[in-house]
Amino acid sequence: MPEEKRSKVGTINAAYPHMVQSPPRVCIGSIVSPSPPDQEVPQRDLELEETPMELGGEQGRWEEERLKTASLSFGAKREREQGMRREQERYQLILEEEEMIEFVSTAMTMKGTRTEEVGFTLVSSSSLFIVVPHISFQEALALSQAELKKQSMQEVRRSLPIFPYREDLLAAINQHQILVIEGETDGYTKGGMKIGCTQPRRVAAMSVASRVAQEMSVKLGNEVGYSIRFEDCTSERTVLKYMTDGMLLREFLTEPDLASYSVVIIDEAHERTLHTDILFGLIKDIARFRSDLKVLVASATLDTERFSCFFDDAPVFRIPGRRFPVDIFYTKAPEADYLEACVVSVLQIHVTQPTGDVLVFLTGQEEIETCCELLQERCRRLGSKIAELLVLPIYANLPSDMQAKIFNPTPPGARKVVVATNIAETSLTIDGIIYVIDPGFCKQKSYNARTGMESLIVTPCSRASANQRAGRAGRVAAGKCFRLYTAWAFKHEMEETTVPEIQRTNLGNVVLLLKSLGINDLIHFDFMDPPPHETLVLALEQLYALGALNHLGELTKLGRRMAELPVDPMLSKMVLCSEEVLTIAAMLSVNNSIFYRPKDKVVHADNARMNFVVPGGDHLVLLNVYTQWLESGYSTQWCYENFIQFRSMRRARDVRDQLEGLMERIEVEVVSSQGDSLPIRKVGETRENLANGGYKTVKHQQTVYVHPNSSLFEEQPRWLIYHELVFTTKEFMRQVARGA
DNA sequence: GAGCACTGC
């Protein structure tokens, strides 16, 4: 019995009890374990896991049985590694029932058109209207987009989910809905008044605007336009303006009462992005004195109560959504090794299910790469025994040309498997997906306000998220969703909804923005879900330390300027120094690593990165990278040759240009420090070197370490300045510079 | 000697 494997189970168990009540499945040959006895399995710690006999009684016997199963599995694994021939024999068994994961259908189906109560909640309290379509505007448009290809515009319009309710809706709010606008926006767009509609994502703002312009037969940018960072596609004629939620938030700085808007629509409200949540508070506030302002909140969940309640019991108007039914399957017993379970499930679907592509949700790049490798390897070994299986990864950091591959149509006779991160949950839609495999995990950011440390941790996802994933199987036809956890776990162990971002993130930026809008009492600001008290306090403390707030908590002149710059307060302060710092701040604010590091070319990538190292630390390395890129003429080819992410660099350039423009506006002169690197270093806290390679933070006396990817990892100078603190396997300082 | 989910200004 391999001890290390068992303790690993213990480790996972401690973190995610619901996932690990069974021994790990390590190969296709492992046998589905019997159901546990009726009583609930107590949460066990590492020690208990290693001495299961101590549990005693029925529970103990059950544990013992299961550990035997585990050892059988490991035995099988060793056997499997012995030779190709055996391997072949095993795989021939792939179709045999006991070789497969046992799924149970719980008669649970995400219902299609007729029965699902989804739709709008249109609500009005004197000045306030809330529309909560359980199918979002964006979703409705995406659905109709597919039909646009085969039908006339008129037919498509009729086929929109909202169409049958249009009259009621129009009557109820006495105006015209964005979805069904047919040029009758007059009443709300007289005298230069606009309708604004926010989306959480840039592409959504652009594509919805483009579609509506098409519907209204106007040129995009005229009556209908969009506004996103780095790109303003509106004109004086624009009456219907689509934008990102963050963009509207910034508009508060120049127009605190949104005087030029007669209607504001917040779409995809259920996503609860940080910006959406702040908008809620601000809009609720201005709606009190702007009785002419109409507010519409659109959400795709059934949880309309929360929204209605927050907006003083605004009424709710429902419109049924439209989606194909999705059958939900759960595993009979929990799966400890979900990566292996994914691979088995994909093959199972491939061999036993009719045509249709598969979408697998994993948590990150590494997992996705491993999963793709495993799938490809097994397909190769199975050879002509199975039909062709196209395995395609997708995650945000994947270069664009490789991302594009997932949209290629599947050749006849083959099946496509897309292995994705959460990017496929909301940000992009892939045609032809019929099967979804959901292990039930995602990577989530969390923020510890006591230490000011962020961490990115794999956590079980929420039921809302799981349902969103399942819904991805029902876009083109009836689909199936295979959940790699039990129905019991879904019901009892997963959270209803994902914790809103506002409760999981550093709020330095937001606090500075609210302060500059004249909101002094942040503790009593009307948040739909308030952030932790400590988060607000720490943000205030840090702003005070940076000189953005005075001892009374009032905004200083510096603070006012800092609020204009759309970067972290630490960076906006730094930017008010020298030209080089502008570049460095832009590079630091691109939070993705600019260094591309694919698994199969790790050595090349690391060598390429070494070539950029200069003395002084990571900030100067970043400056060096940017300068060389500039000298190459912002070349794509240059990026490719040097294992640099072109997208991140282009973004850094955009941010840099924007900051430079804003600096002019707030009348701060951009001066070059003429090769003197000192001003660059005025960031972060200083640490003193400890014997064990760790450092102690000056402020909290906390032990932290240099990140191994840093250019100063080997050097370890006595004093260090760091840009951010991140917890992964240890407390790491990322982006460090040599102290004085 | 680690590993960055996804957005957004």
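A, B, ... follow the sequence lines: proteins, then strands. Residue 1 opens every chain. Atom set for the values below is all heavy atoms of this structure, side chains included, hydrogens, waters and symmetry mates excluded.
- Within 4.0 Å (heavy atoms only), Lys730(A) reaches no atom of the nucleic acid at all.
- Within 4.0 Å (heavy atoms only), Leu456(A) reaches at least one base atom of the nucleic acid.
- Listed by first then second residue, pairs satisfying salt bridge (Lys or Arg N to Asp or Glu O under 4.0 Å) with a partner in residues 563-572 of chain A read Glu564(A)-Arg665(A), not counting sequence neighbours.
- Regarding Leu279(A), its CG atom lies at a distance of 14 Å from the C1' atom of dT7(B), rounded to whole Å.
- Salt bridge Arg306(A)/Asp529(A): present, at least one basic N to carboxylate O contact under 4.0 Å.
- Among the protein residues, Ile228(A) comes within range of the sugar-phosphate backbone only, with heavy atoms under 4.0 Å from sugar or phosphate atoms but none that close to a base.
- Using a 4.0 Å heavy-atom criterion, one finds that Phe713(A) contacts the sugar-phosphate atoms exclusively.
- Gln658(A) comes within 4.0 angstrom of no nucleic acid atom, judged by non-hydrogen atoms across all strands.
- In this structure, the CD atom of Gln735(A) is 11 Å from the C1' atom of dC4(B), given to the nearest Å.
- At a threshold of 4.0 angstrom between heavy atoms, the contacts of Asn422(A) with the nucleic acid are absent.
- Note on Arg609(A) versus Asp606(A): salt bridge recorded, some NZ/NE/NH1/NH2 to OD/OE distance being below 4.0 Å.
- When the C1' atom of dC9(B) is taken as reference, atom CZ of Arg201(A) falls 16 Å away, rounded to whole Å.
- Taking OG1 of Thr244(A) as the reference point, atom CZ of Arg201(A) lies at 11.5 Å (rounded to 0.5 Å).
- Taking 4.0 angstrom as the limit, Thr244(A) places none of its side-chain polar atoms (N or O) nearer than this to OP1 or OP2 of dT7(B).
- When rounded to the nearest whole Å, the span between NZ of Lys445(A) and P of dT7(B) equals 13 Å.
- For Leu274(A) and Arg504(A), each mapped to the nucleotide of DNA chain B holding its nearest heavy atom, the one lying further toward the 5' end belongs to Arg504(A).
- The aromatic rings of Phe280(A) and Phe307(A) sit perpendicular, their planes meeting at an angle over 60°, well past the 30° parallel limit.
- Rounded to an integer number of Å, the gap from CD1 of Ile394(A) to P of dC4(B) is 19 Å.
- When distances run from any side-chain atom of His707(A) to the nucleotides dC9(B), dA2(B), dT7(B), the shortest one goes to dA2(B).
- Contact check, Thr421(A) against dC6(B): a side-chain N or O comes under 4.0 Å of OP1 or OP2.
- Atom OH of Tyr640(A) has 12 or fewer heavy atoms from other residues, nucleotides or ligands within 6.0 Å.
- An OP1 or OP2 oxygen of dT7(B) is reached within less than 4.0 angstrom by no side-chain nitrogen or oxygen of Arg229(A).
- Rounded to an integer number of Å, the gap from CD1 of Ile423(A) to C1' of dC6(B) is 8 Å.
- Proximity note for Asn397(A) (side chain, C-beta onward) versus dC4(B), dC9(B), dA2(B): the nearest is dC4(B).
- When the P atom of dC4(B) is taken as reference, atom OH of Tyr447(A) falls 18 Å away, rounded to whole Å.
- Using a 4.0 Å heavy-atom criterion, one finds that Thr363(A) contacts the sugar-phosphate atoms exclusively.
- As rounded to whole Å, 9 Å separates atom C1' of dT7(B) from atom CG of Asp245(A).
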